[in-house]
Amino acid sequence: MPTIDKLTESLSTYLDQDKIVLVRQAYEKAKTAHEGQYRRSGDPYIVHPVAVANILSELQMDHQTLMAALLHDVIEDTSVTKEELASEFGDSVAELVDGVSKLTQIEFKSKAEAQAHNFQKMTLAMAKDIRVILVKLADRLHNMRTLGPLHHEKRRRIAIETLDIYAPIANRLGINSIRVELEDLGFAALYPMRAKYIKKAVKKLRGNHNQIIEDIQSSLEKCLKDRNIDGKILGREKHLYSIYNKMKYKHKSFHEIMDVYAFRVITHSEEDCYRTLGAVHSAYKPLPFRFKDYIAVPKVNGYQSLHTTLFGKHVNIEIQIRTVEMEELANHGIAAHWQYKGESSLALANQARIDRWLSGLKQMREHADDSMEFIEHVKIDLFPDEIYVFTPKGSILELPAGATAIDFAYAIHTDIGNACVACRINKKLASLSEPLQSGQTVEIITAPGAKPSKAWLNIVVTGKAKSSIRHYLKQHSKEESHALGKTLIERSLAGIKKTWDDISDEHLSKVLKHNQAESFEQLLINVGQGNRMPYIIARQLVADEDEVIDADQEVTHAKQQLMIKGTEGLNLSFAKCCHPIPGDPIVGVAAGASGLVIHSEGCTKVMAKTQNHAKIHLSWVKDITDEFVVELRVELERQRGIIAELASALTRAEANIERIGVVEQNAKMSVVNVVLHVQGRRHLARVIKKVRAIKAVIRLNRVINH
């Protein structure tokens, strides 16, 4: 059990005595505040903050962080206030404790929302002082170590949150020592049987491989000695969660993973790292395409090392080569910044990377509409396999695997991403949607007036690109809605022989209040989005001074016919439940920010959920050439090649097939659903005629509702 005496002993190796005294004072305050409180295990509550401080002492964190760790629960769980802490221990400690406490104080509608909102608050706290997240990670690590007494469902929820959020953050901050333990503990809590079997298999295999490991290590030591290189060789254990992920996602067998022997060589300088690389390559044959130089091009979290895979004595050998300082940074990440007290160029470079990441988080948070959208963007950036690409001037950009030139453009600057129209990869014109490869040089071509496409959201992979595109589209959509709303009201005013000059400011205020709009601009946007009917708003704006016309009074005018052609790109969308096509009787239903959703008039969803005054009866213009989605349900006699025959008939009818698949079948019959594109009811009639001509077709229906 961790105690304050053990903590003090640990701190005496790197902290001055006066700072240790302050840490002990924080302990006494926490002990008094938590008096009479116990954990689920039955231990006094003070055991937990002391254990958290012990974890941080292993990272050699500063005295203020350790004081905050000891006090991190007093604001939330006791009567101690932030002001009291500030007067006793200073503003920095009080802010740190408050930052950690605020992460768990609000109640939410759902666990997912709670997780998302907490994470959003966590990034705010991180931006102010990165030490907040270090205390939170240590807090989570001790909680994971002591999950035993909790109910199964709570253990599972905490394990999922740990693997989804906390372990990736530890990885992003480069704190490998905490990340590995969080992953293994989360894995064991989430899949106890799988963890147990893998652990047992590893233990058994390790015993069988001891002699091979000793032989390889001796050979590597001789190799370094012959070259007069002073280096320390360590065997490297694969942790359970890493083994499990390789088995699950890379489809490798347990023995495929474990038959690779891993070693780490720790040297004293960068030059020795490269000399060591040459030495091991002369002793064993390197495998092609398995060498990575993370010293010249560090990982996005600051990690530096040389990686190579060798073939020797019928087994593969993975070697990592790094300096003592690189090893410290690999294990402690951002925490090493305090250990080196700002004197190390590596620690400072790592700090700069973290600052850039936090700056990107801040921008994503500003662009996101809510916590769920924000966490969706951030999670993308927490799980990257990196690629490294170059700007035309030779600067290196780190991007997640699968990133495109559009991601690259947004990584340089949001304005460049928004104005991007084409790209050159290695001086050759290339597609914007083409996934980039490490080592490529990318040049972005921009054009004035260019704007991002909604389709880009399906192409980009970085959180910054997704949030920037969504932000632009939302703003642009509002501008379009504003312009459309103004045009529609002007037309409606002209229809009753009125103009803007006939509207008084006083009456406009009444209309805004009646329609619950914050401003006239907001009212115009609501009209453009289909949330308000322009004819009714126009009548309200010019009604008698004491009268404001209500929508219910104008049901007869609500059935005005609007022409759809020409407004598809603004704020109209077609319902996926009934797939209306030109020729179908249609209605429009207001759907918030989505504008007007077009349904077939007989759609059961509209009839069941929508009142008459909420519908607008619409009509199609002539000569529409666009394609529309239709779903058909075809019942067929079961026979060989019938799906191919059906697809051939649809193609002959000039229908573009989006999806085709069997949804039901028995020994005699198959039911096939086909989603295809047609140009209207006449085209659909030709398609149906072709399909009915197939002898095996028993019945054919158009699917209107799911």
Side-chain angles (χ1 to χ4, degrees), residues 176-181 183-185 187-188 194-268 272-295 303-332:
N176 197 51
S177 55
I178 287 181
R179 190 263 305 178
V180 167
E181 192 174 353
E183 286 182 346
D184 280 353
L185 290 169
F187 174 48
R194 298 178 198 184
K196 181 183 173 184
Y197 285 128
I198 293 176
K199 188 175 182 180
K200 189 177 177 182
V202 168
K203 189 176 179 182
K204 183 180 177 183
L205 204 63
R206 194 186 293 136
N208 298 339
H209 288 183
N210 275 345
Q211 188 58 51
I212 299 174
I213 293 168
E214 287 173 14
D215 289 348
I216 296 171
Q217 186 157 342
S218 298
S219 174
L220 291 171
E221 285 169 351
K222 183 179 183 303
C223 188
L224 295 188
K225 191 176 179 182
D226 291 345
R227 301 284 182 109
N228 292 318
I229 300 170
D230 185 13
K232 184 179 179 183
I233 299 171
L234 308 169
R236 190 163 55 85
E237 295 281 338
K238 290 183 172 69
H239 65 289
L240 303 186
Y241 190 62
S242 165
I243 295 168
Y244 173 72
N245 273 341
K246 285 179 180 175
M247 291 171 70
K248 184 175 180 180
Y249 297 110
K250 295 190 177 180
H251 307 292
K252 290 189 173 183
S253 71
F254 176 76
H255 286 283
E256 274 183 286
I257 298 163
M258 296 306 293
D259 281 347
V260 178
Y261 297 86
F263 293 88
R264 184 173 298 144
V265 182
I266 312 296
T267 68
H268 295 286
D272 282 349
C273 289
Y274 288 103
R275 287 178 63 213
T276 301
L277 180 71
V280 297
H281 278 188
S282 66
Y284 298 100
K285 289 191 182 299
L287 292 182
F289 313 114
R290 295 293 297 273
F291 167 66
K292 289 176 182 174
D293 187 344
Y294 292 121
I295 292 179
Y303 173 88
Q304 288 187 287
S305 188
L306 297 176
H307 288 196
T308 188
T309 303
L310 314 170
F311 184 75
K313 298 183 180 178
H314 311 294
V315 295
N316 287 344
I317 308 165
E318 285 180 356
I319 306 278
Q320 295 176 351
I321 308 166
R322 61 182 73 147
T323 65
V324 174
E325 191 177 350
M326 289 172 191
E327 169 76 354
E328 198 63 46
L329 277 164
N331 289 324
H332 296 167

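Side chains included, hydrogens not; waters and symmetry mates left out as well; all remaining heavy atoms used.
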CA sep, side-chain torsions, deciding dist, call: Ser282, Arg227, side chain to side chain donor-acceptor pair (under 3.5 Å) | CA-CA 11 Å; Ser282 66; Arg227 301 284 182 109; 2.9 Å; yes
Can you check side chain to side chain contact (heavy atoms under 4.5 Å, CB included) on Lys232 and Val324, steps first, answer last?
-> CA-CA 10 Å; Lys232 184 179 179 183; Val324 174; over 6 Å; no
Start with the C-alpha distance between Phe291 and Leu277, add both sets of side-chain angles, then the distance that settles side chain to side chain contact (heavy atoms under 4.5 Å, CB included), and finish with yes or no.
-> CA-CA 10 Å; Phe291 167 66; Leu277 180 71; 3.5 Å; yes
After noting the C-alpha distance and the side-chain angles of Asp230 and Asp272, does the key distance pass the side chain to side chain contact (heavy atoms under 4.5 Å, CB included) rule?
-> CA-CA 8 Å; Asp230 185 13; Asp272 282 349; 5.5 Å; no
Go through Arg179 and His239 one step at a time and tell me if the side chain to side chain contact (heavy atoms under 4.5 Å, CB included) criterion holds.
-> CA-CA 11 Å; Arg179 190 263 305 178; His239 65 289; 3.6 Å; yes
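In terms of heavy-atom proximity, Ala279 sits nearest to Cys223 at O-SG, 3.1 Å. Nearest heavy atom pair, residue Lys238 against residue Ala262, reads NZ-CB, 4.2 Å. Closest approach of Leu240 and Ala195 over heavy atoms only: CD1-O, 4.0 Å. When all heavy atoms of Ile321 and Ser305 are compared, the pair lying nearest together is O-OG, 3.2 Å.
In terms of the salt bridge (charged side-chain N to carboxylate O under 4.0 Å, His left out) criterion, Asp184 has no residue partners (sequence neighbours excluded). Take Glu327 and apply the salt bridge (charged side-chain N to carboxylate O under 4.0 Å, His left out) test, not counting sequence neighbours, and it matches Arg264, Arg322. Ser219 meets the side chain to side chain donor-acceptor pair (under 3.5 Å) test with Tyr284; sequence neighbours excluded. With sequence neighbours excluded, the residues satisfying side chain to side chain donor-acceptor pair (under 3.5 Å) with Tyr274 are Asp293. A search for side chain to side chain contact (heavy atoms under 4.5 Å, CB included) contacts involving Phe311 returns Leu287, Asn316, not counting sequence neighbours.
Taking the six-membered ring where the residue is Trp, Tyr241 and Phe187 present tilted rings, their angle falling between 30° and 60°.
For the pair Glu183/Asn245, no side-chain contact is recorded, criterion being any heavy-atom separation below 4.5 Å from C-beta on.
Here the side chain of Thr323 pairs no donor or acceptor atom with the backbone of His268 at under 3.5 angstrom. Checking side-chain atoms of Ser177 against main-chain N and O of Asn331 turns up a donor-acceptor pair under 3.5 Å.
To the nearest 0.5 Å, the span separating OG on Ser242 from CD1 on Ile198 amounts to 10.0 Å. Going from atom CG of Leu310 over to atom NE2 of His281 covers 5.5 Å, rounded to the nearest 0.5 Å. Rounded to the nearest 0.5 angstrom, Ser218 OG and Ile233 CD1 are separated by 9.0 Å. Note that CD1 of Ile266 and CD of Gln320 are 8.5 Å apart. Values are rounded to the nearest 0.5 Å. Interatomic distance, NZ of Lys246 versus CD of Glu256, reported as 11.5 Å (0.5 Å rounding). To the nearest 0.5 Å, the span separating CZ on Phe263 from CG on Leu220 amounts to 6.5 Å.
Sparse packing is recorded around NZ of Lys252, with 12 or fewer heavy atoms of other residues, nucleotides or ligands lying under 6.0 Å away.
Partner of Ile319 under the side chain to side chain contact (heavy atoms under 4.5 Å, CB included) criterion, chosen from Thr308, Thr309, Leu306: Thr308.
Within the structure, every pair that satisfies the salt bridge (Lys or Arg N to Asp or Glu O under 4.0 Å) test and touches residues 215-226, not counting sequence neighbours, is listed here: Lys222-Asp226.
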